[in-house]
Visitor: 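A single structure is presented below for examination.
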Amino acid sequence: MPFKPRYFVFFAVCALTALFFILMLAVSIHFFWPLLITGALTIVGLLDMQQTRHAVLRNYPVTGHFRFLFESIRPEMRQYFFESNQDGRPFSREQRSMVYDRAKDIEDNLPFGTERDVYADSYAWVNHSMVPHTPHPNDMRVTIGGPDCKQPYSASLFNISAMSFGSLSGNAILALNTGAKRGNFAHDTGEGSISRYHREGGGDLIWELGSGYFGCRTKDGKFDPEKFAAQAQSPQVKMVEIKLSQGAKPGHGGVLPGPKVTEEIAEARGITPGQECVSPAAHSAFSTPVELLHFVKQLRELSGGKPAGFKLCVGHRWEFMAIVKAMLETGIKPDFIVVDGAEGGTGAAPIEFSNRLGTPLRQGLAFVNNVLIGTNLKKDIKIGASGKLISAFDLASALCIGADWINSARGFMFAVGCIQSQSCHTNKCPTGVATQDPKRQEALVVPDKAERVYNFHRNTLKSLSDFTAASGLDHPNQFRPEHFFLHEGGRQVMPASAAFTWLKPGELLADSHDIPGYTTYWMMADPNSFDPKISVAEAKSERHHEHPEHHH
């Protein structure tokens, strides 16, 4: 058999092993130490050639291990040595550095000019005014609560988005909530319910209810009204949010394996320690749009009249329109709707779900805002937005297209110490943020990180205030689509007021309308079912008969 160069290192360590063995016996016992090293490598090589799992190791005994070594440190090598300021996903080095600087309360100015390609199709901006106003950084709040709400909540324009205890460590939750308490902004619990670390921090809470009904569930996983009322009436809980779907993994349930259900997680969620815990993909408390709204009403009443609403990543358009039709039919309105973009984050999700399922934030937010305006409901319903929003520009752009306030998860994770190692699902987070390992989370010093959470929030809103004043506005709620410019669909640069379709108040309530992207789905929507009442083809056919002049 001809000599194969790929076996050279293996044959070399075998030869050296034999040589060092002879030298140890003939010359000096000290040759035992190199013999130990080469002997171990020889054994590794022999095992490599016998194993059946890795073809690389069978073909390249010993040296094949370097491939796995380099692959394991590839993210760190890229991040520390090769990444430019604009590289890095999902957040660039420039974005992360901005958060770190604001969290540390140090200057975050950019020297020499932008590194961004301002002619790229993805570039967007807000226009300034020739007569800038005076910033008002202390007036950065919005009141959430419709006509049926007895305890409206004055929320900050910038809050901590949903991240559960269990996904995040106890120290991370405590640091986030302590920072929220000091800065007077809200902390969404995530669907993992209210833990002892949320309570210890004392900050305002938005209690998120997922399909597992954690913190208010019966033994068989159904919704328990009495348990809900007992927690929801706590003064610390300011709003209640039903999670219909999450941007990073819409339509996906979850399983927490038994070994991961610790005493603390079981205490927060109302489940049995050590037992597997399932979050179904769909809710059991309702199955139609009308039933969803009755559930919203029930939660509002059980909480003592606090704002109640829901969060979703926009999917089938007729389903959201069916909910809106149910609002018109029942007269029951949520106090708020949070729109989560498909670009949102998560601890772990199937790759296709994160990459290819759900509507991105800008399109979903504009759609939800339009439908509420087109049905005259927007005046009573506030809209929150979440999904990769961390800078003043991110906040302003979302406000321009319909948001009333912004939630951020990963921004506040950076503030609390996350370095985007993307090891959230391994329980080996290097900074103690996304892990339940007691030793790893000890590295996260709560008082220091709580201060950074407070600083990041304060400095981001200060920047938003300056950004607003430079645009010639007195308050961020004055941002409109015409202030926001972007490349839409590969067309020329245009303001969002032209790039998107914008509905007039009550336009969807007219007896007859023909609005691309809206009328067809409106005709398909059924307030008594999430299923479409007619097909797309049937709806288009009816539109053709009603508006023949539009189809010639």
Side-chain angles (χ1 to χ4, degrees), residues 142-155 159 162 186-194 198-199 204-245 268-270 280 282-312 320 322-338 368 372 375-384 404-405 527-530:
V142 59
T143 300
I144 304 169
D148 298 319
C149 175
K150 295 177 183 174
Q151 298 188 54
Y153 176 54
S154 173
N159 301 287
H187 181 187
D188 192 311
T189 64
E191 64 178 307
S193 191
I194 305 168
H198 291 98
R199 293 193 182 90
D204 291 353
L205 294 177
I206 300 169
W207 183 9
E208 182 179 88
L209 285 192
S211 57
Y213 306 114
F214 297 127
C216 57
R217 60 188 261 143
T218 60
K219 287 189 175 179
D220 59 351
K222 299 293 191 294
F223 176 68
D224 186 322
E226 291 184 10
K227 288 182 180 176
F228 172 81
Q231 287 225 70
Q233 290 179 18
S234 160
Q236 196 179 354
V237 175
K238 302 300 182 183
M239 305 203 300
V240 181
E241 173 185 280
I242 303 164
K243 174 186 164 184
L244 298 182
S245 55
R269 300 190 179 200
H283 279 262
S284 58
F286 56 87
S287 58
T288 70
V290 167
E291 289 176 1
L292 164 62
L293 292 178
H294 281 289
F295 190 49
V296 169
K297 180 181 179 182
Q298 182 185 15
L299 297 186
R300 186 160 49 214
E301 290 172 349
L302 289 171
S303 69
K306 293 177 181 178
F310 57 84
K311 177 178 89 172
L312 84 166
F320 179 74
I323 297 172
V324 173
K325 280 189 173 180
M327 295 179 202
L328 297 170
E329 185 176 283
T330 62
I332 302 170
K333 290 170 282 193
D335 297 290
F336 65 90
I337 297 169
V338 175
V368 167
L372 294 181
T375 50
N376 288 329
L377 293 169
K378 180 63 183 76
K379 63 184 183 299
D380 294 328
I381 302 172
K382 293 293 191 291
I383 300 177
D404 293 294
W405 86 90
N528 295 301
S529 174
F530 285 108

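Along the sequence shown, residues are numbered consecutively beginning with 1.
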Visitor: Can you tell me if Tyr153 and Asp204 form a side-chain donor-acceptor pair at under 3.5 Å?
Guide: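 A donor-acceptor contact under 3.5 Å links the two side chains.
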Visitor: Rounded to the nearest 0.5 Å, what's the gap from CE on Met239 to CD on Gln151? Could you check?
Guide: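 Between atom CE of Met239 and atom CD of Gln151 there are 13.0 Å.
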Visitor: Measuring from Glu329:CD to Leu293:CG, what's the distance to the nearest 0.5 Å?
Guide: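 Glu329 atom CD to Leu293 atom CG measures 10.0 Å (nearest 0.5 Å).
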Visitor: Please check: side-chain N/O of Lys306 versus main-chain N/O of Ala232, any donor-acceptor pairing under 3.5 Å?
Guide: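 Side chain of Lys306 to backbone of Ala232, a donor-acceptor pair under 3.5 Å: yes, one is there.
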Visitor: Would you check, one step at a time, whether the test side chain to side chain contact (heavy atoms under 4.5 Å, CB included) holds for Leu302 with Val240?
Guide: CA-CA 10 Å; Leu302 289 171; Val240 181; over 6 Å; no
Visitor: Please step through side chain to side chain contact (heavy atoms under 4.5 Å, CB included) for the pair Ser234 and Arg199, ending with a clear verdict.
Guide: CA-CA 10 Å; Ser234 160; Arg199 293 193 182 90; over 6 Å; no
Visitor: Rounded to the nearest 0.5 Å, what separates atom CG in Asp148 from atom CD1 in Ile332?
Guide: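 Here the rounded value is 8.5 Å.
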Visitor: Kindly indicate whether the side chain of Pro334, heavy atoms from C-beta on, has any atom under 4.5 Å from the side chain of Met327.
Guide: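 SC-SC contact between Pro334 and Met327 confirmed.
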Visitor: So Pro147 and Lys333, do their side chains get closer than 4.5 Å, heavy atoms only?
Guide: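 The answer is yes, as the side chains (C-beta and beyond) meet within the 4.5 Å cut-off.
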Visitor: With sequence neighbours excluded, tell me which residues meet ring-ring contact (aromatic ring centres under 6.0 Å, His included) with Phe310.
Guide: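 None.
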Visitor: So, the side chain of Asp335 versus the backbone of Gly309: is there a donor-acceptor pair under 3.5 Å, distance only?
Guide: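 Checked: no pair found.
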Visitor: Return yes if some donor-acceptor pair links the side-chain N/O of Glu291 with the main-chain N/O of Ser287 below 3.5 Å, else return no.
Guide: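 Yes: the side chain of Glu291 pairs with the backbone of Ser287.
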Visitor: Could you report the tightest heavy-atom contact between Asp404 and Ile381, atom names first, then the distance?
Guide: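 Closest approach of Asp404 to Ile381: OD2-O, 4.3 Å.
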Visitor: Report yes or no: does Glu191 contribute a side-chain atom to a donor-acceptor pair with the main-chain N or O of Lys243 at less than 3.5 Å?
Guide: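 No: the side chain of Glu191 does not pair with the backbone of Lys243.
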Visitor: For Lys227, does the NZ atom sit with more than 12 other heavy atoms under 6.0 Å from it, leaving out its own atoms?
Guide: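 Counting other residues, nucleotides and ligands, NZ of Lys227 exceeds 12 neighbours.
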Visitor: Keeping the roles fixed (side chain from Tyr213, backbone from Phe228), state whether a donor-acceptor pair exists under 3.5 Å.
Guide: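 Between the backbone of Phe228 and the side chain of Tyr213 there is no qualifying donor-acceptor contact (under 3.5 Å).
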Visitor: Output the distance between atom CD1 (Ile323) and atom CG (Leu328), rounded to the nearest 0.5 Å.
Guide: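 One finds 12.5 Å between CD1 of Ile323 and CG of Leu328.
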Visitor: For Gly304 and Gln233, work out which heavy atoms get closest and say how close.
Guide: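 Closest approach of Gly304 to Gln233, heavy atoms only: N-CG, 4.5 Å.
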Visitor: Could you tell me whether the side chain of His283 reaches within less than 4.5 Å of the side chain of Ile242, counting heavy atoms only?
Guide: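 Sidechains of His283 and Ile242: in contact.
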Visitor: Test your reading of the model: is there a side-chain donor-acceptor pair from Lys238 to the backbone of Pro235, 3.5 Å cut-off?
Guide: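 Judged by distance alone, yes, a pair lies under 3.5 Å.
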Visitor: Decide if atom NZ of Lys379 counts as having more than 12 heavy atoms of other residues, nucleotides or ligands within a radius under 6.0 Å.
Guide: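 More than 12 heavy atoms, drawn from other residues, nucleotides or ligands, come within 6.0 Å of this atom.
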Visitor: Just verifying a value: how many Å separate Phe286 CZ and Phe223 CZ, rounded to the nearest 0.5 Å?
Guide: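 Reported to 0.5 Å precision, the distance equals 11.0 Å.
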Visitor: Over all heavy atoms of both residues, which pair between Asp224 and Arg217 is shortest? Give the atoms and the distance, please.
Guide: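 In this case the closest contact between Asp224 and Arg217 is CB-C, 3.9 Å.
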Visitor: In terms of relative ring orientation, are His187 and His198 parallel, tilted or perpendicular, with 30° and 60° separating the classes?
Guide: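 It falls in the tilted class, 30° to 60°.
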Visitor: Looking only at heavy atoms, which two atoms of Leu209 and Cys216 are closest? And how far apart?
Guide: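 Closest approach of Leu209 to Cys216, heavy atoms only: CD2-SG, 3.5 Å.
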Visitor: Which heavy atom of Gly305 sits nearest to which heavy atom of Cys149, and what is that distance?
Guide: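 Taking Gly305 first and Cys149 second, the nearest heavy atoms are O-SG, 3.3 Å.
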Visitor: Thr189 side chain to Glu208 main-chain N or O, any donor-acceptor pair under 3.5 Å?
Guide: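 Yes: the side chain of Thr189 pairs with the backbone of Glu208.
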Visitor: Between atom CG of Leu312 and atom CG of Leu292, what is the distance when rounded to the nearest 0.5 Å?
Guide: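 Result: 10.0 Å between the selected atoms.
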Visitor: Please report the closest heavy-atom contact between Trp207 and Phe214, naming both atoms and the distance.
Guide: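 The answer is CZ2-O, 3.8 Å.
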Visitor: Quick check: does any side chain N or O of Ser211 sit under 3.5 Å from a backbone N or O of Pro280, one acting as donor and the other as acceptor?
Guide: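 The answer is yes, because a donor-acceptor pair under 3.5 Å joins these two groups.
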